[in-house]
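Input: a single structure, listed below in structure tokens.
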Protein chains: 2
Amino acid sequence: MKEIFGSPGGSLAAKVRTLAPSMTRSMQRVAEAVANDPAGCAALTVTGLAELTGTSEATVVRTARLLGYPGYRDLRLALAGLAAQQQSGRAPAITTDIAVDDPIADVVTKLAYEEQQTLADTAAGLDTVQLGAAVTALAGARRTDVYGIGASGLVAQDLTQKLLRIGLIAHAHSDPHLAVTNAVQLRSGDVAIAITHSGSTGDVIEPLRVAFEHGATTVAITGRPDSSVTQYADHVLTTSTSRESELRPAAMSSRTSQLLVVDCLFVGVAQRTYESAAPALAASYEALAHRHRSISR
Amino acid sequence: MKEIFGSPGGSLAAKVRTLAPSMTRSMQRVAEAVANDPAGCAALTVTGLAELTGTSEATVVRTARLLGYPGYRDLRLALAGLAAQQQSGRAPAITTDIAVDDPIADVVTKLAYEEQQTLADTAAGLDTVQLGAAVTALAGARRTDVYGIGASGLVAQDLTQKLLRIGLIAHAHSDPHLAVTNAVQLRSGDVAIAITHSGSTGDVIEPLRVAFEHGATTVAITGRPDSSVTQYADHVLTTSTSRESELRPAAMSSRTSQLLVVDCLFVGVAQRTYESAAPALAASYEALAHRHRSISR
DNA sequence: GTCACTCATGAAAGATATTTTCGGTTCGGC
DNA sequence: GCCGAACCGAAAATATCTTTCATGAGTGAC
């Protein structure tokens, strides 16, 4: 009932009130029903509404006319619109954390909302200068190594898959020893990327340090721009840290955040290397399409 | 500016995109018209819309059915509601695709926006009944196998990592042969999950089929609810399909969508098994914290 | 290339909903 | 009590929606 201000809902209720005196008793009953429950009435046919109000179809149509619509059909459409607005007007109010006894539908809503929030935060907090620098380095790199462990390891693989698709040479490492072994090979012109939410995952910092000391351009994707990993990073890309709850560990939002950063890197690189990236993308798409078709059906 | 959440048009536009592949040409024309101009179409009768799209009434009705409404009448009402919402919502809507010469800052904004859109669409289109059923199956499973290839493989691993964290037995398979070999071991009470955007990735369908035939409860996470993979799936969870562009391949949004679904599954299971999940989560957090502290500094 | 077959499609018949017509009814005035 | 005017709803008329069915285009098999 906060429809007071200029909304069509108010407009209709007001119209009903204004016109009520000039209505006959039967019409008033119809108008009242419509004003009280637009959504419900929108679901009814003329006959239905006539029965509900204990009147006839003719009366319903007459009422619709009086309210300014050509006929009941149009009133009904307007009602549907009204109902939808009222529906959406209700504040989502997703302030609370996910609780153990939340119904599954709420879980979906809350998770989606929180991840959207994370994305917005990340986009807002991302330093485009650093991002641009990282993109430039990647676009010109002889080879790229990406380090990530656990959930961040998957992000590392995601980035690697994408870069490979546009013809770049990239490797993801989740084994710390192999990572270091490979980092030794890096030199100026190569790129090393460390992905760690905490910024203090030793297994990821170590290879980045080695790469850094061998002259590679190093990038850190972390939620903690002041953490140890950044001291070996030429460019730091900050992911957002959202409040976590018991049922929604930080890993979830950091993953979302990291993926957005990684996507930005990828698209940035694809732009810079468009000449070679576009055909490569098309080619890999072709190859996949064939593979799908062949087995399906 | 509050369009971030469950964008009004989004739900229907998303449904159109999801179902478009399974539509015939004529139906696609109708669906497109409806998605592009809900308000305008709401003002038309079946005949009118049929003429506008150069098709017949029958086709319009068929399209309405496919979109989940009993008939055109109801679709029309829904359209009216949508139109009203859009009217009041006034979405800013970043319409343009990412271009080759977009500055990096725009890339960030657009990517974040599109992924938010994807999340909203996914949440809107997710069948909570199916989701609940899948959660129940997972919570009571002796063991769970997850199949995914390429980008979907990473999602499969993500799910597996999470389930392991709360003490469930889960494996991710990206090798088709090993997947089938393992699927043979599954039996009633076990769960098999296939993740594939296209729904026609043979390498993922095959192990699901085997699992299905051995009596396991099977779940498909796909963007094509009418594809081959669903015929072996007890429960189908639909991910959203957003329009793709050259620089933003479908894989990007499907991954976002799949991850949301996977997160929902995880949280759902964590709720059901809270007694054991909570300590397990805490324990794994403890273990990690230690690992971070020890090497960082 | 040809044949058989499936499936998409629209024309038209059929069903439903809406609008109009029209006659009965009520109510107030005389 | 009689008259007239407005109200009202039943039912006819119309518009709209839904279903059926025949046709033709496309597709795969031979």
Note to self: Under 4.0 Å, counting only non-hydrogen atoms across every strand here, what does A:R29 touch: a base, just sugar-phosphate, or nothing?
What the structure shows: nothing
Margin query: Categorize A:G48 for me: base, sugar-phosphate, or nothing, with a 4.0 angstrom heavy-atom threshold over every strand shown.
Written below: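 Answer is nothing: A:G48 stays at 4.0 Å or more from every strand.
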Check: Any chance the side chains of B:S56 and B:T59 put a donor and an acceptor closer than 3.5 Å?
Finding: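 B:T59 and B:S56 do have a side-chain donor-acceptor pair below 3.5 Å.
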Atom pairs, N/O to N/O, protein against nucleotides 21-25 of chain D, distance under 3.5 Å?
none

Notebook entry, point to check: Within this structure, what is the CD-to-C1' distance between A:Q28 and D:dC7, rounded to whole angstrom?
Noted result: 13 Å
Next item on the list: For B:E57 and C:dA12, give me the distance from atom CD to atom C1', rounded to whole Å.
Entry: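 It is 10 Å, rounded to the nearest whole Å.
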Note to self: Need the bend value for the helix from C:dG1-D:dC30 to C:dC30-D:dG1: angle between end axes, 5 pairs each end, nearest 10°.
What the structure shows: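 End-to-end axis angle: 10°.
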Item checked: Whichever of A:V46 and B:A58 has its nearest DNA chain C nucleotide further upstream toward 5' ->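 Closer to the 5' end of DNA chain C: B:A58.
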Notebook entry, point to check: With distance as the sole test, does B:T122 use its side chain to make a donor-acceptor pair with the main-chain N or O of B:T118 at under 3.5 Å?
Noted result: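 Judged by distance alone, yes, a pair lies under 3.5 Å.
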Residues [X], [Y]: salt bridge by 4.0 Å N-O rule:
X	Y	value
B:D121	B:K15	no
B:R209	B:E213	yes
A:R29	A:E32	no

Margin query: Is the phosphate of D:dT19 approached by B:R65 (side-chain N or O, under 4.0 Å from OP1 or OP2)?
Written below: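 So the side chain of B:R65 is within the cut-off, an N or O lying under 4.0 Å from OP1 or OP2 of D:dT19.
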Notebook entry, point to check: Below 4.0 angstrom from OP1 or OP2 of D:dA10, is there any side-chain N or O of A:S56?
Noted result: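 A:S56 to D:dA10 OP1/OP2: no side-chain N or O under 4.0 Å.
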Margin query: Assess the residue pair B:R255 and A:D263 against the criterion (salt bridge (Lys or Arg N to Asp or Glu O under 4.0 Å)); give the C-alpha distance rounded to whole Å, side-chain angles, the decisive distance to 0.1 Å, and a yes or no.
Written below: CA-CA 11 Å; B:R255 181 207 58 198; A:D263 285 354; 2.6 Å; yes
